[in-house]
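No experiment lies behind these values; they were computed from the predicted model shown. Chain letters run A, B, ... following the sequence lines, proteins first, then strands; residues in each count from 1.
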Protein chains: 2
Amino acid sequence: MKKAPTIRDVAAAAGVSVSVVSRVLNPDSGPVAPAKREQVLNVISELGYRPRAAARELSAGHALTVGLVVTDLANPFFAQLADRVVWEARSHGVQVVVMTTQEDPHLEAESLDTLLDRSVGGVIATPTGGNVEKWDRLRDLGVHVVFVDRAIAELSDVDVVSIENSDSARRATDHLIALGHERIALITGPASTSTGRSRIGGYRAALESASLSLDPMLVRDVPFRGDGGGDAVGSLLASPDAPTGLIVANTAQVQSSVRRLVQMGVRIPDDLSVIVFDDNPWTELTSPPLSVIRQPIGMLAVHSLELVLGRMQGRLPAGARTIEVKADFVPRSSCVAPVGLVASKSVTG
Amino acid sequence: MKKAPTIRDVAAAAGVSVSVVSRVLNPDSGPVAPAKREQVLNVISELGYRPRAAARELSAGHALTVGLVVTDLANPFFAQLADRVVWEARSHGVQVVVMTTQEDPHLEAESLDTLLDRSVGGVIATPTGGNVEKWDRLRDLGVHVVFVDRAIAELSDVDVVSIENSDSARRATDHLIALGHERIALITGPASTSTGRSRIGGYRAALESASLSLDPMLVRDVPFRGDGGGDAVGSLLASPDAPTGLIVANTAQVQSSVRRLVQMGVRIPDDLSVIVFDDNPWTELTSPPLSVIRQPIGMLAVHSLELVLGRMQGRLPAGARTIEVKADFVPRSSCVAPVGLVASKSVTG
DNA sequence: TTACCGAGTGGAACCGGTTCCACTTTTGTA
DNA sequence: TACAAAAGTGGAACCGGTTCCACTCGGTAA
């Protein structure tokens with residue numbers, strides 16, 4: 001087991017001082033005679049020298065690293081987000097430390113502490129909603145934070161990148177209304193989250209435009225974790241006044257919801273028209289392929305990273321920025337006009 | 001923007017030397033009087049002091065970090081693997097830096113250099129197959145490497161964690177043979193990879209046991225990237241002598257393959273019995289639900305991390321270890337006996 | 001000729017931990 | 001009571017970079 005060469009080894013081998021080597025390593029940090037620069041570069045490649053990140057961080061006070069804090073990578077939405085963030089980060093020479101929270105504020109707090117220890121330059125996170133003081137402290141210590149997908153009301157001065165939640169929910173609802181549906185159920189995220197509220201807002205707005213009344217029984221805000229989606233499906237369809245249309249706007253609950261529909265033998269779209277948020281690859285492999293709201297995950301990743309790196313390099317004006325990207329509605333075969341005029345029938349389990 | 005307290009701030013506030021604080025931070029590194037320990041701990045929590053990771057790494061020479069190098073996180077297999085690795089790592093106080101290679105040895109090489117700069121203690125990787133010298137150099141520099149899912153023939157002295165590839169392929173093939181299939185196609189990974197070879201081996205063994213001949217036309221080893229799975233499906237089914245059974249043993253190509261089957265209107269299992277490797281959550285949402293080989297991803301993650309941490313802490317005997325975990329065959333509804341006795345019929349596109 | 005400027009260079013302090021070592025205080029044992 | 005061993009403590013070097021500063025040159029303007 002060899003020992004990797006250090007900057008002093010390079011300096012010695014090149015017959016110069018460490019200062020010169022450092023200046024070669026960091027152009028713009030001072031002048032170096034062209035001849036010596038050449039010479040140093042030669043020695044560097046000869047020795048296979050690579051500067052130790054830890055040393056640089058220690059003296060710089062912060063690392064060329066960003067933290068990515070998401071619920072879990074098993075969720076395809078976050079997996080794809082992480083994939084793009086990692087990919088984009090690489091092209092900027094930045095590394096990504098991934099942490100998961102399982103939607104647990106306690107684990108989230110732990111993650112933030114860890115990232116602080118690592119002196120990360122920035123954090124891209126889907127916040128659980130808690131830890132308001134902790135986020136504040138993090139920012140106070142100079143860590144640049146960008147929230148993606150969700151925001152926290154108490155932290156209004158944080159950059160946020162998300163999709164147009166309200167508009168997306170509205171378009172999905174409009175689509176079902178246009179087909180003639182009047183009883184449209186919505187399974188969404190907790191009303192305590194910005195995402196949940198916005199999507200309910202869009203849903204409500206669509207109903208109002210169509211002069212349809214909003215039946216609170218049809219709106220289910222369920223947690224991101226657990227099997228709330230499936231349970232909501234069960235309870236919605238068990239009702240004598242069951243909906244003819246369903247929008248699953250909680251990306252974490254789509255699989256659970258669809259699984260329950262399949263288990264219950266619900267025929268889509270004959271028994272129920274369905275639209276789900278987030279275009280997981282499998283949504284077109286089900287039968288019928290599902291109509292979806294496609295979140296431009298790549299855009300979310302690119303903008304988040306752009307923001308966080310921009311802040312780290314101080315090339316962004318002060319003041320929080322909010323970026324909302326448009327989501328596409330992708331119609332497939334899971335929606336048709338409701339059967340009969342009166343939207344009421346039972347579904348056999 | 002405040003400045004975080006350092007160990008010297010703590011020492012000063014507690015009226016002791018930095019040595020004492022350091023010993024409190026690292027038990028077993030020396031004695032501390034109980035009273036002073038208490039006192040230091042109080043000051044630490046009062047000040048909210050947290051040791052800077054960079055400083056520790058610099059003096060230790062290596063970081064409490066492991067690198068995870070996979071193809072891409074958009075692949076559910078790797079996403080779940082990463083999820084579990086991150087989760088397990090946290091419980092050991094270790095952070096995970098994720099890098100993706102897109103199956104490109106050049107990008108892989110870059111990732112390894114980066115991880116070297118970061119002085120990671122270990123690397124868990126699904127190697128592309130290239131960069132033999134680079135992996136050697138990494139190990140030579142004291143970085144502990146564990147390959148997961150795949151191995152590299154030239155690097156026989158590296159720890160490997162994988163599933164029983166040969167056995168898994170054999171069981172899938174046996175299942176179809178038992179149903180009466182005689183023309184069974186196999187879509188697998190490149191024959192240049194350990195995984196690809198093992199799975200072909202298991203397939204061949206099953207056929208031999210049943211005294212069936214192996215038709216080379218039915219074995220398609222396709223790259224992990226691209227749309228090779230779909231293309232293979234198309235070409236297999238276009239043959240006048242099309243198979244009645246199909247095993248997709250290239251996890252990266254399952255989606256592509258199934259998508260093509262759906263597009264071609266192939267009726268499963270009537271036209272074709274199908275078994276795919278890897279139990280993605282959506283495999284039971286298709287109609288019919290697909291029979292799968294379920295890879296115990298959690299086990300792969302746990303063992304990989306266990307190995308790499310064990311090496312880092314020097315509590316594992318020398319000598320490469322190979323761990324093979326059993327994969328389950330999960331029968332669902334995508335396999336039936338072939339129609340007719342002579343296995344030959346065309347499928348309409 | 002002298003004064004001054006900028007390019008080029010090396011020495012040394014610094015970042016914030018860990019660790020070795022010398023030193024003082026207890027404690028234990030003969 | 002005497003003396004060795006162990007417990008407890010602080011000083012300072014060290015890890016490998018960055019950066020400030022002082023210094024030496026050559027060239028140019030006064």
Rounded off to whole Å, could you give me the [atom1]-to-[atom2] distance for the [X] and [N] pair?
| X | N | atom1 | atom2 | result |
| --- | --- | --- | --- | --- |
| A/D117 | C/dG17 | CG | C1' | 12 Å |
| B/R118 | D/dG17 | CZ | P | 14 Å |
| B/H62 | C/dG17 | NE2 | P | 17 Å |
| A/N26 | D/dT19 | CG | P | 7 Å |
| B/E57 | C/dG17 | CD | P | 12 Å |
| B/L25 | C/dT19 | CG | C1' | 14 Å |
| A/R50 | D/dG17 | CZ | C1' | 15 Å |

Verdict with reasoning, A/T126 to A/F147, per side-chain contact (heavy atoms from CB on, under 4.5 Å):
CA-CA 6 Å; A/T126 300; A/F147 287 154; over 6 Å; no
So among A/R311, A/R84, A/R315, which one has a salt bridge (Lys or Arg N to Asp or Glu O under 4.0 Å) with A/E306?
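Only one of A/R311, A/R84, A/R315 forms a salt bridge (Lys or Arg N to Asp or Glu O under 4.0 Å) with A/E306, namely A/R315.
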Testing the 3.5 Å rule here: is there a donor-acceptor pair between the side chains of A/T128 and A/E103?
no
Does the distance from a Lys or Arg side-chain N to an Asp or Glu carboxylate O, for [X] and [Y], drop under 4.0 Å?
| X | Y | result |
| --- | --- | --- |
| A/R137 | A/E133 | no |
| B/D113 | B/K134 | yes |
| A/K2 | B/D140 | yes |
| A/D104 | A/R225 | no |

At 10 degrees resolution, what angle do the end axes of the helix from C/dT1-D/dA30 to C/dA30-D/dT1 form when each is taken over five base pairs?
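About 50°, once rounded to a multiple of 10°.
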Donor-acceptor check, side chain of B/E57 to backbone of A/A54, threshold 3.5 angstrom: yes or no?
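Not a single qualifying donor-acceptor pair exists.
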Base-contact (B) and sugar-phosphate-only (S) positions in nucleotides 7-15 of chain D, heavy-atom cut-off under 4.0 Å, - elsewhere:
-BBBBB--B
Crowded around A/H106 NE2? As in, over 12 foreign heavy atoms under 6.0 Å?
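Open.
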Would one find a side-chain N or O of A/S22 under 4.0 angstrom from OP1 or OP2 of D/dG17?
no
DNA chain D nearest-nucleotide lookup for A/S29 and A/A4: closer to the 5′ end is A/A4
